[in-house]
A.B. asks: 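The structure follows.
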Amino acid sequence: MDFDEVVSYIYDIPKFTNKHGLEYTKRLLGWLGHPEKSFRVVHVAGSNGKGSVCAYLNSILRECGYRVGMFTSPHLVDIRERFKIDDEMITKEEFVSDFNDVMQTVKESGEDHPTFFELLFLMSVIRFKKAGAEYAVMETGLGGRLDATNAIETPVLCIITSISLEHTDKLGDTIQKIAAEKAGIIKKNVPVVYDGDDKEAAKVIQSRAGNEGSVAYEITGENIKILKTNAKGIDFSFSSKYYNLDTYVNTPALYQTKNASLAAFGAWLLFGKEAMEAIQNGIENTHWQARMEEIMPGVFIDGAHNPSGIRALMDSVKGMEFSGKPILLFSVVSDKDYDNMAAILTEGRIWEKIIISRIDDKRALDEGIIKAIFRKYGYDTVTFDNTGEAFSYALKMRSKGNALFAAGSLYFAGEILSIVRR
């Protein structure tokens, strides 16, 4: 099969196989010759920000002089975004080669067919070994305890970002239950850095770390001071009893100061104070798509897709200055808490206009349902059944000085990026 055929095959996998246990993934790693043992792994879990933390760590590790693999999800435009070597996507030929390696091994082992995510995870570790990666930064897919990435038995560091109610049908219906699933990545005697602002989640993480004999380091908003902010970025300082750092994130997203701080502290644990210059440079040079990313002058896309992410988005927008009210372009998938998202978005009536779109995905929430929810909270909206028309209309509605924000789903952000690139 060529690249396009392989990608089509991978997308069809959910139709004919189900998720397996961790022992299945571990067995396949064994059949593959344990490629994951050829590099050091930093394992990242959480509800919001884990992809960003991976991006900051990837940049820092590269500044330290290491060859780095990064496995994240979901992708926005190209499936190859999910695993990169030194921040570059692998070639289509390499992607096909890694797919063939995994599928041939599955056939020889007699094991069941891997799921979509299990297959991509196995392909990533094969690629990282082939590429000679010294470190791999790996993001969990769903949860942590039972996630395929948790088949990595000996990470050098674990990081847990902010935790919120998400996927409650699979992870549990309380913060404590979800935190327990995320904390399942903590391994014996492996240090863990975590977002401690939610005290209920923090207690669960601390307990798990204690049971595993792991030292846990808490990062909270009290460690961070915003020094200066504008539409291009934020100067901030991080302080702790271990070290102080003044640095900059090239995004107006206030939440990225916390994610950068988690990554910086993790790197400090790995390399100590001698790496402080690399840590600072790594943070300042990080670019991560669809996280309050300015894709055109005054046009920002953000992957916020749950109430806590939307709250963080609103905090950032309210801290920015515009000559006129901003415009919101919004879409969401049906399994998210879209009612609470709309409630948060309508607080303070900061938007001049709200435009609703439908995502080209089987999980898309009907634009009429979204419109009705916003009407409940006092906003009349304009609706479109496809992203292209909605985005074009939103651009036309902007007057001079207005900013446009698109949010609600990473899939939605990916569709907009595809339109802009075309």
Side-chain angles (χ1 to χ4, degrees), residues 4 7-8 10-11 14 48 51 72-82 89 251 253 287-307 309-310 312-314 316-317 325-342 344-346 350-375 377 379-399 402-422:
D4 291 334
V7 172
S8 294
I10 291 173
Y11 281 137
N48 290 301
T72 57
S73 61
H75 62 276
L76 297 175
V77 179
D78 190 318
I79 195 170
R80 293 175 296 149
E81 296 169 23
R82 290 174 178 253
M89 287 196 302
T251 169
H287 172 73
W288 190 229
Q289 290 189 116
R291 277 70 174 182
M292 199 63 88
E293 178 187 8
E294 189 173 17
I295 57 171
M296 298 167 60
V299 178
F300 299 84
I301 57 172
D302 192 271
H305 56 274
N306 56 34
I310 291 294
L313 165 71
M314 289 290 282
S316 296
V317 175
K325 281 188 173 184
I327 294 171
L328 174 66
L329 179 57
F330 182 80
S331 193
V332 68
V333 294
S334 58
D335 60 355
K336 299 299 181 182
D337 187 1
Y338 44 82
D339 194 292
N340 277 334
M341 292 166 71
I344 295 167
L345 284 166
T346 52
I350 70 169
W351 309 105
E352 178 181 294
K353 186 182 294 290
I354 296 178
I355 302 161
I356 304 301
S357 177
R358 183 188 183 95
I359 304 169
D360 184 18
D361 186 271
K362 64 181 180 181
R363 294 192 299 143
L365 184 65
D366 183 83
E367 65 275 15
I369 295 175
I370 307 174
K371 181 182 180 72
I373 291 167
F374 276 96
R375 185 182 295 123
Y377 292 109
Y379 259 102
D380 285 324
T381 62
V382 180
T383 60
F384 292 87
D385 62 5
N386 72 84
T387 300
E389 291 182 8
F391 186 57
S392 294
Y393 177 79
L395 291 177
K396 291 176 183 176
M397 288 299 101
R398 292 177 64 208
S399 57
N402 289 79
L404 169 63
F405 293 85
S409 166
L410 279 168
Y411 300 101
F412 187 43
E415 288 186 359
I416 294 173
L417 277 176
S418 295
I419 293 166
V420 172
R421 289 179 185 178
R422 288 198 299 268

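The figures here come from the full heavy-atom set of this structure, side chains too, leaving out hydrogens, waters and symmetry mates.
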A.B. asks: Under the salt bridge (charged side-chain N to carboxylate O under 4.0 Å, His left out) rule, what pairs show up with a residue in residues 325-338, not counting sequence neighbours?
C.D. replies: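 As it turns out, the salt bridge (charged side-chain N to carboxylate O under 4.0 Å, His left out) pairs with a partner in residues 325-338, which skip direct neighbours, are Asp335-Arg363.
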A.B. asks: Could you tell me whether the side chain of Ile79 reaches within less than 4.5 Å of the side chain of Arg82, counting heavy atoms only?
C.D. replies: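 Arg82 vs Ile79: side chains touch.
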A.B. asks: Ignoring hydrogens and angles, tell me if any N or O in the side chain of Ser331 forms a donor-acceptor pair with the backbone of Ser357 under 3.5 Å.
C.D. replies: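 Looks like yes, one N/O pair under 3.5 Å.
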A.B. asks: Nearest 0.5 angstrom please: Asp366 CG to Asp385 CG, how far?
C.D. replies: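 Separation between the atoms: 9.5 Å.
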A.B. asks: Is a donor from one side chain sitting under 3.5 angstrom from an acceptor on the other, for Thr387 and Glu415?
C.D. replies: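 The criterion, which ignores hydrogens and geometry beyond distance, is satisfied for Glu415 and Thr387.
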A.B. asks: Nearest 0.5 Å please: distance from the CZ atom of Phe374 over to the CG atom of Asp339.
C.D. replies: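 Here the rounded value is 10.0 Å.
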A.B. asks: Looking at side-chain heavy atoms only, is the closest gap between Phe330 and Val332 below 4.5 Å?
C.D. replies: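 They are in contact (side-chain heavy atoms under 4.5 Å apart), so the answer is yes.
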A.B. asks: Between Met292 and Val317, is there a side-chain heavy-atom distance shorter than 4.5 Å?
C.D. replies: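 They are in contact (side-chain heavy atoms under 4.5 Å apart), so the answer is yes.
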A.B. asks: Looking only at heavy atoms, what is the nearest atom pair of Arg358 and Ala364, with distance?
C.D. replies: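 Result for this residue pair: CG-CB, 4.1 Å.
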A.B. asks: Report yes if some heavy atom in the side chain of Ile370 is under 4.5 Å from a heavy atom in the side chain of Tyr338; otherwise report no.
C.D. replies: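 Result no, sub-4.5 Å side-chain heavy-atom pair not found.
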A.B. asks: Mind listing the closest non-hydrogen atom pair of Val420 and Met296 along with its distance?
C.D. replies: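 In terms of heavy atoms, the two residues are closest at CG2-SD, 4.3 Å.
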A.B. asks: Please name the residue in the list Ile359, Thr381, Asn386, Ile356 that meets the side-chain contact (heavy atoms from CB on, under 4.5 Å) test with Glu367.
C.D. replies: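 Exactly one candidate clears the test, Ile356.
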A.B. asks: To the nearest 0.5 Å, tell me how far Ile355 CD1 sits from Ile327 CD1.
C.D. replies: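 Ile355 atom CD1 to Ile327 atom CD1 measures 5.5 Å (nearest 0.5 Å).
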A.B. asks: Less than 4.5 Å apart, any side-chain heavy atom of Met397 and any of Val382?
C.D. replies: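 Heavy-atom side-chain distance check fails, nothing below 4.5 Å.
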A.B. asks: Ile344 versus Tyr377: any side-chain heavy-atom pair under 4.5 Å?
C.D. replies: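 Side-chain contact under 4.5 Å: no.
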A.B. asks: Measure the shortest side-chain to side-chain distance between Lys353 and Leu328 over non-hydrogen atoms and say whether it is less than 4.5 angstrom.
C.D. replies: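 Of all side-chain heavy-atom pairs linking Leu328 with Lys353, none is under 4.5 Å.
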A.B. asks: Out of curiosity, Tyr393 OH to Leu329 CG, how far, rounded to the nearest 0.5 Å?
C.D. replies: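 Between Tyr393 OH and Leu329 CG, I get 11.5 Å after rounding to 0.5 Å.
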A.B. asks: Classify the ring geometry between Phe405 and Trp351 as parallel (under 30°), tilted (30 to 60°) or perpendicular (over 60°).
C.D. replies: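 Plane angle over 60°, so perpendicular.
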A.B. asks: Between CZ of Phe412 and CD1 of Ile301, what distance do you get to the nearest 0.5 Å?
C.D. replies: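 So the CZ of Phe412 and the CD1 of Ile301 are separated by 9.5 Å.
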A.B. asks: Which residue in the set Leu313, Thr251, Leu410 passes side-chain contact (heavy atoms from CB on, under 4.5 Å) when paired with Arg291?
C.D. replies: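 Considering Leu313, Thr251, Leu410, a side-chain contact (heavy atoms from CB on, under 4.5 Å) with Arg291 is found only for Leu410.
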A.B. asks: If you apply the rule side-chain contact (heavy atoms from CB on, under 4.5 Å), what do you find for Glu294 with Val299, and how did you get there?
C.D. replies: CA-CA 5 Å; Glu294 189 173 17; Val299 178; 5.8 Å; no
A.B. asks: If you take all heavy atoms of Gly388 and Ile419, which pair is closest and at what distance?
C.D. replies: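 Residues Gly388 and Ile419, closest heavy atoms: CA-CD1, 3.6 Å.
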A.B. asks: Measure the CG-CD distance between Leu417 and Glu293 for me, rounded to the nearest 0.5 Å.
C.D. replies: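 Nearest 0.5 Å value for the CG-CD distance: 5.5 Å.
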A.B. asks: Do you know the tightest heavy-atom contact between Met89 and Glu81?
C.D. replies: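 Minimum heavy-atom contact is SD-N, 3.6 Å.
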A.B. asks: Gly309 and Asn48: which non-hydrogen atoms are nearest, and at how many Å?
C.D. replies: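 That would be N-ND2, 3.8 Å.
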A.B. asks: Do the non-hydrogen side-chain atoms of Val333 and His305 ever get within less than 4.5 Å of each other?
C.D. replies: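 A side-chain contact under 4.5 Å is absent here.
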